[in-house]
Peer 1: 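One structure is given below, represented as structure tokens, and several questions about it will come after.
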Number of protein chains: 2
Amino acid sequence: MDTLTVLQRIVPELKDVLERRYTLLRAVRTFGPVGRRTLTSELNISERTVRSELDILRAQGLIETGSSGVRLSREGEIVLSRLDEMARKLYDLAAVEQAMAAALKLQRVIIVPGDSDADPGVKRDMAQVTAAYLRSILRDGDILAVTGGTTLAQVAESFPGESFNRRVTVVPARGGLGEDIKIQANTIAVRLAEKLGGSYRLLHAPEDVLPCYVEQILREPRIRDVIALSRRADVLLHGIGTAEEMARRRGFDDETTMDLIARGAVGEAFGYYFNAQGEIVYTTASVGLRLHDLANIARVVAVGGGRSKAWAILAVLSTGRCHVCITDEGAARKVMRLKARTQIEGGVTDDDQDWD
Amino acid sequence: MDTLTVLQRIVPELKDVLERRYTLLRAVRTFGPVGRRTLTSELNISERTVRSELDILRAQGLIETGSSGVRLSREGEIVLSRLDEMARKLYDLAAVEQAMAAALKLQRVIIVPGDSDADPGVKRDMAQVTAAYLRSILRDGDILAVTGGTTLAQVAESFPGESFNRRVTVVPARGGLGEDIKIQANTIAVRLAEKLGGSYRLLHAPEDVLPCYVEQILREPRIRDVIALSRRADVLLHGIGTAEEMARRRGFDDETTMDLIARGAVGEAFGYYFNAQGEIVYTTASVGLRLHDLANIARVVAVGGGRSKAWAILAVLSTGRCHVCITDEGAARKVMRLKARTQIEGGVTDDDQDWD
DNA sequence: AGCAGTGGGACACTTTCTGTCCCGCCAGGC
DNA sequence: GCCTGGCGGGACAGAAAGTGTCCCACTGCT
């Protein structure tokens with residue numbers, strides 16, 4: 001029985017307060033100098049409460065108040081990082097990371113506490129951790145290929161603004177898909193390049209295209225060049241999509257979607273749909289990096305969280321093409337349960353009972 | 001920065017709650033099945049608050065409510081013992097114990113957190129720890145000699161009632177002193193013998209006596225026998241008195257008291273007054289065990305706490321006659337500071353500045 | 001100059017806490 | 001076998017703390 005457990009036992013109300021302030025501190029860390037109303041709308045805490053809590057945290061010297069809002073003080077950063085460690089310890093995430101890396105033959109797994117499905121703050125944390133990881137591995141002259149998606153968009157946003165003195169070329173690995181400009185690979189590449197202080201290329205092509213036009217598009221020099229560049233990437237950062245979500249984004253009709261589901265598709269990446277064993281069950285004619293290209297890339301980093309994405313994560317990681325996975329606790333634990341189950345039963349079973 | 005420190009930082013109000021409940025739990029442990037009004041009068045917490053807190057602790061399963069009041073549940077005992085450990089760790093008492101043992105050449109030092117001067121609960125804790133220590137060292141057939149004093153009286157009271165199947169003879173090491181029956185060595189010996197399930201002897205003699213009568217009294221067979229028995233004790237448990245307090249109990253007049261102070265007397269034991277170096281500066285003609293008798297006793301245990309007794313403790317332990325000291329944090333830390341200072345300056349200095 | 005976002009003041013309203021009763025119950029002592 | 005002292009629980013008003021919701025003046029950016 002460790003310290004925290006004992007404390008929670010004799011001071012049960014500690015949990016609420018602790019969680020609230022931890023959330024608040026993380027939000028302050030993420031949003032930089034930020035005001036109480038922004039925090040209120042971002043978190044699920046009323047304005048007055050945010051205010052009271054900030055007063056306390058300020059009195060403790062953990063945050064500082066500038067003209068444009070509050071931000072973490074130096075000490076606040078230290079305390080918060082200790083809180084991060086505590087959360088990791090509390091949920092024993094290091095053990096889950098190792099187990100998951102072993103089970104899925106990954107070089108490294110990074111898990112942030114929480115569940116993106118339940119708490120948007122967790123997705124932000126995941127994005128920040130991913131950004132920090134990128135900073136730690138990117139070297140001068142590296143080529144970084146990125147895909148689209150909401151998670152990766154957040155990674156780009158939460159990249160710290162401080163200058164990063166390594167010249168990195170960011171190249172989109174996939175064409176454009178859907179109408180939301182924020183989550184396009186192109187946009188993310190630009191944003192990341194800005195934050196990294198590097199250069200970028202744009203892939204002026206749609207992601208989903210009729211099969212008959214694919215070859216024609218790929219002959220286009222500027223497109224061909226960008227794709228070729230992405231094949232030579234040193235690091236590939238890609239999101240993980242659920243089969244349903246990606247079918248929707250691609251505007252699949254009901255029939256095709258039903259077909260996908262019938263084939264056992266649960267995850268998507270690079271225009272391929274995979275079943276839980278990581279086998280390709282459906283292929284789209286698409287523009288951008290393809291699965292076999294990944295074999296030449298030294299470091300393939302998959303990012304995605306939320307327990308609703310667990311099947312998709314399991315599927316994509318099971319392809320054996322990824323080296324690193326950054327996810328959250330909700331997803332990771334479910335992935336491990338699913339993995340154990342599919343190994344025993346040798347197939348996909350009903351999902352529902354896992355939503356406890 | 002450990003868990004508790006971090007938590008106290010982001011949840012500063014934790015301290016109050018934690019201390020209150022810890023105090024409450026300790027009181028429940030000490031007073032066995034006890035009601036809320038008794039707790040109220042014993043601690044400095046209002047009835048309503050005690051009630052609310054007890055409700056919470058009960059909801060947590062840490063205490064149980066019987067017909068005669070609340071008592072610790074099995075789990076409560078476990079949690080409370082973990083809290084004890086935490087308190088010790090928090091104040092790094094193990095380190096102080098070792099430092100003090102080394103500085104004063106003691107076999108063992110046991111320190112309980114807190115300060116008896118500020119919190120009567122600490123004195124109870126000290127008494128309980130002493131009782132537990134006694135239980136752990138007393139062997140079948142042992143002779144236990146005890147002196148008087150408020151602290152030792154509390155040790156006897158807080159001795160657990162459970163049968164202790166080792167035959168121990170408890171013998172008072174000092175004669176009667178003053179009017180308070182509870183703190184006489186005789187009373188304490190009886191009480192302890194009852195709790196231990198052993199036998200006892202009584203010393204029917206006054207402690208302070210005119211010098212001319214001492215020899216006469218010592219010729220009395222029943223008195224002589226008891227004193228002889230105490231000389232052969234296996235364990236001696238004795239309190240530590242401040243020079244001022246013991247002068248008052250002996251009814252010294254102002255002149256004698258001034259004389260004592262002028263000689264640098266700060267501590268008292270066995271009718272001797274010591275200066276800070278442990279040198280005898282005043283001797284009373286008294287009935288009971290004398291200082292030189294201690295040389296033959298295998299285990300001399302000194303008990304006393306509260307920072308106001310620090311000088312006295314330093315003095316008595318400096319005689320080099322004690323093997324074990326049980327005290328509290330307030331006293332221990334001050335003793336160590338005084339020890340360091342007197343070693344440097346080679347003498348006694350003003351005490352006041354130490355009351356921070 | 002306008003705007004969007006900031007902190008702080010204010011204040012009424014709600015919830016929680018707290019002090020202080022009273023009551024009926026039960027066990028241990030006479 | 002009754003008495004009494006200590007027990008828990010109910011109750012309730014008043015105090016204190018917390019909360020929702022305004023307004024206002026300021027500032028940095030566009």
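Given the structure is predicted, the values throughout are model-derived calculations rather than measurements. In what follows, every chain begins at residue 1, and chains take the letters A, B, ... in the order their sequences are listed.
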Peer 1: Here's a test of your reading of the structure: between S46(A) and E47(B), which maps to the more 5' nucleotide of DNA chain D?
Peer 2: E47(B)
Peer 1: For DNA chain D, whose closest nucleotide is more 5', that of R36(A) or that of S68(A)?
Peer 2: R36(A)
Peer 1: Between dT20(C), dC26(C), dT6(C), which one does the side chain of S67(B) approach most closely?
Peer 2: dC26(C)
Peer 1: Expressed in angstrom and rounded to an integer, what is the separation of R37(A) atom CZ from dG5(C) atom P?
Peer 2: 11 Å
Peer 1: Rounding to a whole Å, what distance do you find between E42(A):CD and dT6(C):C1'?
Peer 2: 16 Å
Peer 1: Go through L62(A) and R9(B) one step at a time and tell me if the side-chain contact (heavy atoms from CB on, under 4.5 Å) criterion holds.
Peer 2: CA-CA 8 Å; L62(A) 300 180; R9(B) 199 66 193 276; 3.9 Å; yes
Peer 1: Check the pair T151(B), K309(B) against side-chain contact (heavy atoms from CB on, under 4.5 Å), reporting the backbone distance first and the verdict last.
Peer 2: CA-CA 12 Å; T151(B) 309; K309(B) 271 196 183 172; 3.9 Å; yes
Peer 1: Would you kindly give the CZ-to-P distance between R48(A) and dC13(C), to the nearest whole Å?
Peer 2: 16 Å
Peer 1: Is T38(A) touching bases, backbone alone, or none of the nucleic acid, heavy atoms closer than 4.0 Å?
Peer 2: sugar-phosphate
Peer 1: Should the heavy atoms of other residues, nucleotides or ligands under 6.0 Å from CG of D2(A) be counted, would the total exceed 12?
Peer 2: yes
Peer 1: Please determine whether a side-chain nitrogen of the Lys or Arg among R249(B) and E245(B) lies less than 4.0 Å from a carboxylate oxygen of the Asp or Glu.
Peer 2: yes
Peer 1: Run the salt-bridge test on D140(B) and R167(B) with the 4.0 Å N-O cut-off and return the result as yes or no.
Peer 2: yes
Peer 1: Go through DNA chain D in 5' to 3' direction and return only the first and the last nucleotide with some atom under 4.0 Å of chain A's heavy atoms.
Peer 2: dT19(D) to dG28(D)
Peer 1: Kindly write out the residues that satisfy side-chain contact (heavy atoms from CB on, under 4.5 Å) with T30(B), not counting sequence neighbours, or none if the list is empty.
Peer 2: R124(B), Q128(B)
Peer 1: Taking atom C1' of dG7(C) as reference, at what distance in whole Å does atom CG of D55(A) sit?
Peer 2: 10 Å
Peer 1: Can you check side-chain contact (heavy atoms from CB on, under 4.5 Å) on R37(B) and E47(B), steps first, answer last?
Peer 2: CA-CA 6 Å; R37(B) 289 180 198 81; E47(B) 183 188 325; 4.1 Å; yes
Peer 1: Is D328(A) close to P113(A) at the side-chain level, that is, under 4.5 Å between some pair of heavy atoms?
Peer 2: no
Peer 1: Measure CZ/R51(A) against P/dA10(C) and give the value in whole Å, please.
Peer 2: 11 Å
Peer 1: Give T65(B) one of three labels, base, sugar-phosphate or nothing, depending on what nucleic acid heavy atoms sit under 4.0 Å from its own.
Peer 2: sugar-phosphate
Peer 1: For E53(B) and dT18(C), give me the distance from atom CD to atom C1', rounded to whole Å.
Peer 2: 12 Å
Peer 1: So which of residues 19-29 of chain B are in contact with DNA chain D, with a heavy-atom cut-off of under 4.0 Å?
Peer 2: none
Peer 1: Would you say S116(B) and V122(B) make side-chain contact, with heavy atoms under 4.5 Å?
Peer 2: yes
